[in-house]
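A note on names: the letters A, B, ... follow the listed sequences, proteins ahead of strands, and every chain is numbered from 1. Any value given below was found using the heavy atoms of this structure, including those in side chains, with hydrogens, waters and symmetry copies removed.
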Protein chains: 2
Amino acid sequence: MPETPRRADRPSAPRYGNRPTMKDVAARAGVGLKTVSRVVNGEPGVTPETERRVQEAIEALGFRRNDSARVLRKGRTASIGLVLEDLADPFYGPLSRAVEEVARAHGALLINGSSAEDPDREQELALALCARRVDGLVIIPAGDDHRYLEPEIKAGVATVFVDRPAGGIDADCVLSDNFGGARQGVAHLVAHGHRRIGFIGDMPRIHTASERLRGYRTAMEDAGIAVEDAWMSLGATDPARVRRAAEEMLSGPSPVTAVFTGNNRVTVTVIRVLAEQSRPVALVAFDDLELADLLQPGVTVVAQDAAALGRTAADRLFRQLDGALLLPERIELPTRLIARGSGELPPAD
Amino acid sequence: MPETPRRADRPSAPRYGNRPTMKDVAARAGVGLKTVSRVVNGEPGVTPETERRVQEAIEALGFRRNDSARVLRKGRTASIGLVLEDLADPFYGPLSRAVEEVARAHGALLINGSSAEDPDREQELALALCARRVDGLVIIPAGDDHRYLEPEIKAGVATVFVDRPAGGIDADCVLSDNFGGARQGVAHLVAHGHRRIGFIGDMPRIHTASERLRGYRTAMEDAGIAVEDAWMSLGATDPARVRRAAEEMLSGPSPVTAVFTGNNRVTVTVIRVLAEQSRPVALVAFDDLELADLLQPGVTVVAQDAAALGRTAADRLFRQLDGALLLPERIELPTRLIARGSGELPPAD
DNA sequence: CCCGCATCTGACAACGTTGTCCAGGCTCTA
DNA sequence: TAGAGCCTGGACAACGTTGTCAGATGCGGG
């Protein structure tokens, strides 16, 4: 007997902790497998009586369709990935939520991951999402080389970059007008009589940071002011470094009378430092803050609309997925200067 | 000729926009399918030379393993779901990030969704996540009946509730000491001489809201103070309602001299209202706020540790997944009173 | 009474991966 | 030099679903 038939041995795979499958439902309802599939997916061609029996069996067994298998068969996962810097940052919460809402409107779920501003981690995350076959990716880049995504994009993964542009590849991106916003903010200080204006921002390798610095420089140039090196500080946004930077430019040989801060994390530290100064120092900040209007004085900000960034990017993503063959585009959203007091303080020498 | 063999017709399935599969890699490398699998998964039993050839083919084709298929075969998705109320709320950002970090440490990805405080949407989301066969669920409940999860939990989906307990089922939950925190906060106001103290909170059907109200009532009772109905207001947290509530209790026949606010959204509105009052009104708030220390006066808060909530819950989740047979437990995390000025103002009648 | 048609149902293969098992080649020893 | 044992590689089935297609059933008309 060389070939005993044997059947139910070989307990190779896991069966998901014994979840019922369509086969089980079919057996219980006394119908074929495909009929169950039809009922579950609301396809036509099933008599009401049969449908009832199937529904009953589904109910009784607590069946829930396995989307993994479905995905494997259909090729679309109805999920998109979002790679951002840090979900805990108040700037990214609303952005993420906006992306989620658009995804939801298209019946998709959102998988997100934080890169912690680490390019390697960004890549690891993005590729892990691709391995899960997300339909699309929204990426807030940490690194500046995204050629690793080329095969993925070629394979059909819709991709949109937000907040910062992609590096090394041609892709959609949705940005705030960082340059223009910073320029306007600094010009606002100039208009209120300041000439010695400091700039404290994030690491220069970050696109938004360098753009805002460029806006600062341009505004100063526009005003015919020669910028001193000591007035500019770019680097990590941890409180210790920012504090040191602020204190230095406030106490140097030609101390600044106003400060422009390059993002919300820098701002909160600078506000603390300014509160300790004996003389009033003007402040305009990039990014709005909750409660900014209730401080004394209120904080004048250049606000960007995080939710709009997310919404625009996600819209664009789904337009790609709907098959519209679009050329990569760079969409820039305007910023808004909100005067609340701190930016209108006159210079105090 | 009844059975023409035919092969490459029947273009039924999608092939993921023509992504290479292991089969393609195998063909190109001139090896068997399983050998590619071994290389991709770092399994032993492949000569360095063969491995090199396979790696080369992978590189050349831009192959990336399809995790959907892998999941189908292995039964674990290495992903967990997080259902929360609103990612854009500064309380949930850090919580979500903490869950993500724990997941990452276990090699899992995080899928999250916002329920917008809608029980139906919570259920829809949670079940969609189950259909994707997430290994576990972390849920911040919007509803108070979670029996719909029973079949899922029985089928092996690890589940932990956070911030609010589950309803109708016995499951792990991780909570802040809402009662104790509120009680301590109100007692703090009493200790500074207040007797007419108001409470403004969220809708009473939300567990945290009712617990905090209970803390308020108990603290008042402890102090032997009879609470008037006009001093308590529970309802939606939109600014309009909160403003009205605050203004009413500040102007009634026995106006309050201090207010205890039940969550961060309420707090920001109340701060605005109090800033408009001619007399100083004391304030203690549940939940910490960025910049709370920089307001005049600084806002005294009962702080809960959102990140710790998330971390604890996720840890517990993965302990369940590691197979430890645990009895459902209720873990309560302490709150911390941070005095900054607003809670230490004396009563001004 | 039988045929054709429409309607409903089910068998089967395929999606891309991994677990099992066996075949073949090699080395090492007696 | 033959045999035992190890190592490498590959054929095959299975995971749970859906697309294709053909079979079954019932009905009306010729």
Side-chain angles (χ1 to χ4, degrees), chain A residues 2-3 5-27 29-51 53-54 61 63-77 131-133 155, chain B residues 2-3 5-27 29-51 53-54 61 63-77 131-133 155:
Chain A
E3 287 182 28
R6 57 187 170 151
R7 324 163 42 73
D9 45 355
R10 293 228 214 158
S12 76
R15 297 223 48 198
Y16 293 95
N18 268 348
R19 277 181 111 88
T21 71
M22 282 194 180
K23 202 151 90 182
D24 302 325
V25 175
V31 303
L33 183 52
K34 184 65 219 244
T35 302
V36 177
S37 171
R38 273 193 270 264
V39 171
V40 169
N41 293 296
E43 287 170 31
V46 182
T47 13
E49 162 59 14
T50 309
E51 166 152 13
R53 281 223 312 286
V54 171
L61 295 174
F63 167 80
R64 188 165 321 285
R65 180 179 63 197
N66 185 332
D67 275 351
S68 291
R70 172 168 227 250
V71 155
L72 179 59
R73 191 62 235 260
K74 305 207 72 157
R76 278 276 174 109
T77 58
R132 307 251 162 160
R133 296 294 186 270
Chain B
E3 285 181 28
R6 56 186 171 152
R7 326 165 41 71
D9 47 352
R10 293 228 213 158
S12 76
R15 295 223 51 199
Y16 294 96
N18 268 345
R19 277 180 110 88
T21 71
M22 282 193 180
K23 203 151 90 180
D24 302 324
V25 175
V31 303
L33 183 53
K34 184 63 218 238
T35 301
V36 177
S37 172
R38 274 194 269 264
V39 171
V40 169
N41 295 295
E43 288 170 30
V46 181
T47 12
E49 162 59 14
T50 308
E51 166 153 12
R53 280 222 314 285
V54 171
L61 295 174
F63 166 80
R64 188 161 325 282
R65 180 178 63 197
N66 185 332
D67 274 351
S68 293
R70 174 168 225 253
V71 155
L72 179 60
R73 191 62 234 261
K74 306 207 73 157
R76 278 277 176 107
T77 57
R132 309 250 162 160
R133 297 294 186 270

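- Remark: A/Thr35 is in phosphate contact with C/dG10, judged by side-chain N or O atoms under 4.0 Å from OP1 or OP2.
- Protein atom CZ of B/Arg132 is 14 Å distant from nucleotide atom P of D/dT17, rounded to whole Å.
- Across all strands shown, B/Asp67 has no heavy atoms under 4.0 Å from either base or sugar-phosphate atoms.
- Going from atom CD of B/Glu49 over to atom C1' of D/dG9 covers 14 Å, rounded to whole Å.
- Taking every side-chain heavy atom of A/Met22 into account, D/dT18 is the closest of C/dT17, D/dG10, D/dT18.
- At whole-Å resolution of the value, CG in A/Asp24 and P in D/dG16 are 8 Å apart.
- Residue-level contact check: B/Arg65 touches the backbone only, with heavy atoms under 4.0 Å from sugar-phosphate atoms and none from bases.
- Residue-to-nucleotide contacts include no donor-acceptor pair under 3.5 Å from the side chain of B/Arg73 to the base of D/dG16.
- Residue A/Ser37 places at least one side-chain N or O under 4.0 Å from the OP1 or OP2 atom of D/dT18.
- Side-chain proximity of B/Thr50 to the nucleotides D/dG9, D/dG10, D/dT17 is greatest for D/dG9.
- If you measure from atom CG of B/Leu33 to atom C1' of D/dG9, you get 12 Å, rounded to the nearest angstrom.
- Considering only side-chain atoms of A/Phe63, the nucleotide from C/dG19, C/dT17, D/dT17 that sits closest is D/dT17.
- With contacts defined as side-chain heavy-atom distances shorter than 4.5 Å, the pair B/Leu33/B/Ser37 does not qualify.
- Between C/dG16, D/dT20, C/dG19, one nucleotide has an atom nearer to the side chain of A/Leu72 than all others, and that is C/dG16.
- Closest contact between the side chain of B/Arg70 and the listed nucleotides C/dT17, C/dG19, C/dT9 involves C/dT17.
- Rounded to whole Å, the distance from CG on B/Asn41 to P on C/dT17 is 10 Å.
- Among the atoms of the strands shown, only primed sugar atoms or phosphate atoms (P, OP1, OP2) are found under 4.0 Å from some heavy atom of A/Val46.
- Using a 4.5 Å cut-off on side-chain heavy atoms (C-beta onward), B/Thr21 and B/Asn66 make no contact.
- For D/dG16, its base never sits under 3.5 Å from the side chain of A/Arg19 at any donor and acceptor pair.
- When the C1' atom of D/dC15 is taken as reference, atom CZ of B/Arg76 falls 16 Å away, rounded to whole Å.
- The closest donor-acceptor contact from the side chain of B/Arg53 to the backbone of B/Ala29 lies under 3.5 Å.
- B/Gly45 comes within contact range of the sugar-phosphate backbone alone, with a heavy-atom separation under 4.0 Å but no base atom that close.
- Of all nucleotides listed (D/dT18, C/dT9, D/dG16), D/dG16 comes nearest to the side chain of A/Ala69.
- In this structure, the nucleotide among C/dG19, D/dT18, D/dG16 sitting nearest to the side chain of A/Asn66 is D/dG16.
- No N or O donor and acceptor, one from the side chain of B/Lys23 and one from the base of C/dG16, sit under 3.5 Å apart.
- Using a 4.0 Å heavy-atom cutoff across all strands shown, B/Thr47 reaches sugar-phosphate atoms only and no base atom.
- Atoms OG1 and CD, from A/Thr35 and A/Glu43 in turn, are 10.5 Å apart once rounded to the nearest 0.5 Å.
- At a threshold of 4.5 Å between non-hydrogen side-chain atoms, the residues A/Val71 and B/Arg132 do not count as touching.
- No side-chain heavy atom of B/Arg70 sits less than 4.5 Å from a side-chain heavy atom of B/Val40.
- Nucleic acid contact for B/Val31: sugar-phosphate only, since backbone atoms but no base atoms lie under 4.0 Å from a heavy atom of the residue.
- Put simply, NZ on B/Lys34 is 18 Å from P on C/dA23, counting in whole angstrom units.
- Between B/Arg133 atom CZ and D/dG16 atom P there is a gap of 9 Å when expressed in whole angstrom units.
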